[in-house]
Protein chains: 2
Amino acid sequence: MVETRKSTLVLVAERAGVSIASVSRVLNGLPASPQLTEKVREAAEALGYVPDATARSLKVGRTDQIAFAVADVGNPVYVAMMHEVSRVVSKAGFRLVLSSTGNDPQDQIELLSSLNRGFADGLLLSPLRVTEPLVAALRSSRLPIVIIGSLPAGVELDNVRADSVAGIGLAVEHLVEQGRKHIAFVNGPVDTVPGAARLSGYLTSIERFGLTTTADLQVTASDFTYKAGRKAAARLLAQSSPDAIVCANDLLAVATLKELTSRGIRVPDDVAVVGMDDTDAAELANPSITSVDLGSAKRAKAAAKLLIRRLADPGAPVKQVVIEPTLSVRESSVLAEVTV
Amino acid sequence: MVETRKSTLVLVAERAGVSIASVSRVLNGLPASPQLTEKVREAAEALGYVPDATARSLKVGRTDQIAFAVADVGNPVYVAMMHEVSRVVSKAGFRLVLSSTGNDPQDQIELLSSLNRGFADGLLLSPLRVTEPLVAALRSSRLPIVIIGSLPAGVELDNVRADSVAGIGLAVEHLVEQGRKHIAFVNGPVDTVPGAARLSGYLTSIERFGLTTTADLQVTASDFTYKAGRKAAARLLAQSSPDAIVCANDLLAVATLKELTSRGIRVPDDVAVVGMDDTDAAELANPSITSVDLGSAKRAKAAAKLLIRRLADPGAPVKQVVIEPTLSVRESSVLAEVTV
DNA sequence: CTGTTAGCGCTTTCAG
DNA sequence: CTGAAAGCGCTAACAG
């Protein structure tokens with residue numbers, strides 16, 4: 001039977017009849033004689049010794065924890081990221097601390113200052129809005145931070161971002177190939193990083209493919225959520241008759257899809273729908289929704305690895321990574337083929 | 001400009017010309033004279049002092065961290081739970097450490113032993129499978145643990161669980177009211193806690209409402225996932241013709257729905273579909289899916305509060321909470337009303 | 001009310 | 001190769 005009460009190095013050392021330094025060495029795999037090693041192992045086992053993480057942290061100045069701050073724990077994109085981050089981080093021997101900030105930049109600034117309490121060794125941050133004070137706080141942080149998402153030009157911080165302009169380009173190109181001409185856009189708030197980027201991507205792509213767009217082909221949801229999407233789609237359909245709709249994320253796409261079918265408009269027959277982020281929601285929808293994969297999982301993975309690299313080598317040059325988008329074509333944008 | 005290098009109590013004390021004890025007191029809001037307070041505040045501010053969490057933890061024997069172990073970070077139910085846990089926990093001043101164990105009980109046992117390293121003050125655990133060794137490990141844990149989910153009879157640990165038998169009862173009752181007679185069941189693996197509970201709930205309910213079921217009305221998916229659900233639903237439809245299908249979770253329900261519509265079977269006209277867990281997936285599906293809310297969010301919230309209570313009062317009697325299910329009726333189970 | 005001091009449990013020089 | 005001892009930064013007796 002193994003002792004279940006809390007035991008320390010001192011206890012183990014006493015039982016083994018050696019010094020605590022020796023115990024520490026053996027347990028950390030440093031050179032020691034076989035006899036010593038044996039004695040220590042035995043004593044440690046008998047006492048059910050488990051080293052104390054806090055004490056170790058205080059001594060070595062590391063916590064082996066990485067913090068991941070997300071604006072919305074429920075957002076499927078963040079969930080996908082978390083999934084990936086969790087995997088990479090734990091494989092590298094770190095624990096994952098989840099910090100849920102709201103989308104309020106102030107929360108994130110507070111997070112940064114609390115980071116300096118040293119409860120984690122580094123931070124992964126995916127801000128929805130990047131304000132001036134946030135940038136300042138990021139710059140003056142003592143701990144390594146990797147940003148997932150775009151940064152204002154000139155801000156030199158490790159970061160990995162998506163190329164949403166190229167992503168929307170893929171969507172528009174695909175729709176054009178399918179013979180669509182009047183491509184509408186359901187966006188989320190334009191004062192967010194993704195909202196702004198996606199809008200500019202839409203406008204750029206429309207022009208690049210020689211199409212035109214007008215104000216009544218564009219609506220903005222108050223939020224990147226299903227509910228807001230329903231309302232925005234309703235507004236869109238009241239003011240125009242597109243033959244294709246690009247949505248700034250999958251939730252908005254699902255909402256748009258629902259709004260369409262509830263009005264008896266067929267997808268993809270009458271209107272094609274394309275989402276972004278390529279989350280489960282797109283795959284599970286009925287019909288399943290074509291979606292631009294902005295590489296959430298890849299971004300998260302790259303970011304986590306970047307942070308781990310930085311922790312190992314604090315002096316490494318700043319690295320900025322761009323993940324290329326891909327398109328997952330599904331039912332919502334392709335007319336059923338005539339099967340023989 | 002605030003000093004950005006790391007500063008300690010000693011530095012602040014020197015600058016303020018007082019003892020470190022005084023600094024500690026002031027910063028922790030213990031009684032001190034106004035002048036002292038003022039001096040300390042000023043020095044701390046000037047140095048940009050931030051207390052070190054690790055040192056504090058070592059001293060006070062608390063980390064202010066709560067660990068939440070989930071089998072699958074991507075599962076919507078866990079996501080909903082995380083959401084709630086994150087909220088409760090951070091409001092109570094704890095950080096959330098996310099530990100992703102696989103569904104392997106061995107992983108969870110290792111987690112328990114690493115918990116004894118003291119990186120967290122307590123653990124929320126929602127095991128998919130509860131094995132004998134797991135129970136043993138749970139029992140001998142030095143730290144408070146709250147289990148989300150059912151426990152074998154006789155295991156006295158804080159826990160909060162759902163009443164899935166009653167939940168399926170709600171679903172069956174509703175379907176019976178809608179005039180359905182041949183109610184099939186798409187389950188997940190029966191060697192999991194939810195799988196076993198839901199199967200028994202189905203059998204109990206069928207009997208209670210005077211219906212009958214046969215082997216060909218029951219299928220088991222290899223997993224609680226969409227893909228596995230598609231296959232299971234296909235098998236079911238190949239072997240029987242139910243007029244209603246209860247699915248052991250929403251993902252299976254979405255899969256079943258898709259399998260049905262892809263065969264031209266109308267929902268709810270020909271077949272009614274009911275899911276469980278009442279996740280976003282049910283709401284977003286088209287048609288939206290009626291789902292049994294087993295109170296994931298409530299359970300998570302209750303569990304988190306229970307753990308926090310236990311941390312505050314380690315001697316409190318063991319508490320076992322059962323959350324009552326409710327039914328969210330949506331389109332997939334109700335024939336469209338004739339609107340005047 | 002404030003200062004001195006003893007550790008929390010561990011790692012890591014520094015001697016031997 | 002092993003032991004003694006010095007702290008990591010902080011809190012909490014205990015004196016004064």
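Quick note on labels: first sequence line is chain A, next is B, and so on, each numbered from 1.
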Nearest-angstrom distance from the residue atom CG of B/L27 to P of D/dA12: 14 Å
Comparing B/V60 and B/L36 on DNA chain C - which has the more 5′ nearest nucleotide: B/L36
Residues B/Q65 and A/Q65: side-chain donor-acceptor under 3.5 angstrom: yes
Whole-Å gap separating P (C/dT11) and CZ (B/R117): 10 Å
5′-ward residue of the pair A/A53/B/K59 relative to DNA chain C: B/K59
Sugar-phosphate, base or nothing in reach of B/V18, heavy atoms under 4.0 Å: sugar-phosphate
Nearest listed nucleotide, side chain of A/S19, among D/dG3, D/dG9, C/dT11: D/dG3
Exercise: do A/S57 and A/T54 side chains pair donor with acceptor under 3.5 Å: no
Value in whole Å for how far the P atom of C/dG9 lies from CZ of B/R62: 15 Å
Backbone of A/D64 reached by a side-chain donor or acceptor of A/D121 within 3.5 Å: yes
Nucleotide D/dG3, atom C1' - distance to CG of A/L30 in whole Å: 15 Å
Touch class at under 4.0 angstrom, heavy-atom based, for A/S33 against every strand present: sugar-phosphate
Nearest-0.5 Å distance that lies between atom CG in B/L143 and atom OG1 in B/T63: 8.0 Å
Separation of atom CG in B/D52 from atom C1' in D/dT11, rounded to whole Å: 13 Å
A/E14 CD to C/dG9 P, straight-line distance once rounded to whole Å: 13 Å
Touch class at under 4.0 angstrom, heavy-atom based, for B/A21 against every strand present: base
Shortest side-chain distance from B/R25, nucleotide among C/dT2, C/dT12, D/dG9: C/dT2
OP1 or OP2 of C/dG9 under 4.0 Å from side-chain N/O of A/T8: no
Residue B/R56, side-chain heavy atoms: nucleotide from D/dT11, C/dC10, D/dT2 that is nearest: D/dT11
Exam field: side chain B/R299 to backbone B/L294, donor-acceptor pair closer than 3.5 Å: yes
Sugar-phosphate only, base, or nothing, as touched by B/I20 at under 4.0 Å among non-hydrogen atoms: base
Interatomic distance where CG belongs to B/L9 and P belongs to D/dT11 [whole Å]: 6 Å
Interatomic distance, A/L58 CG vs D/dA6 C1' [rounded to whole Å]: 13 Å
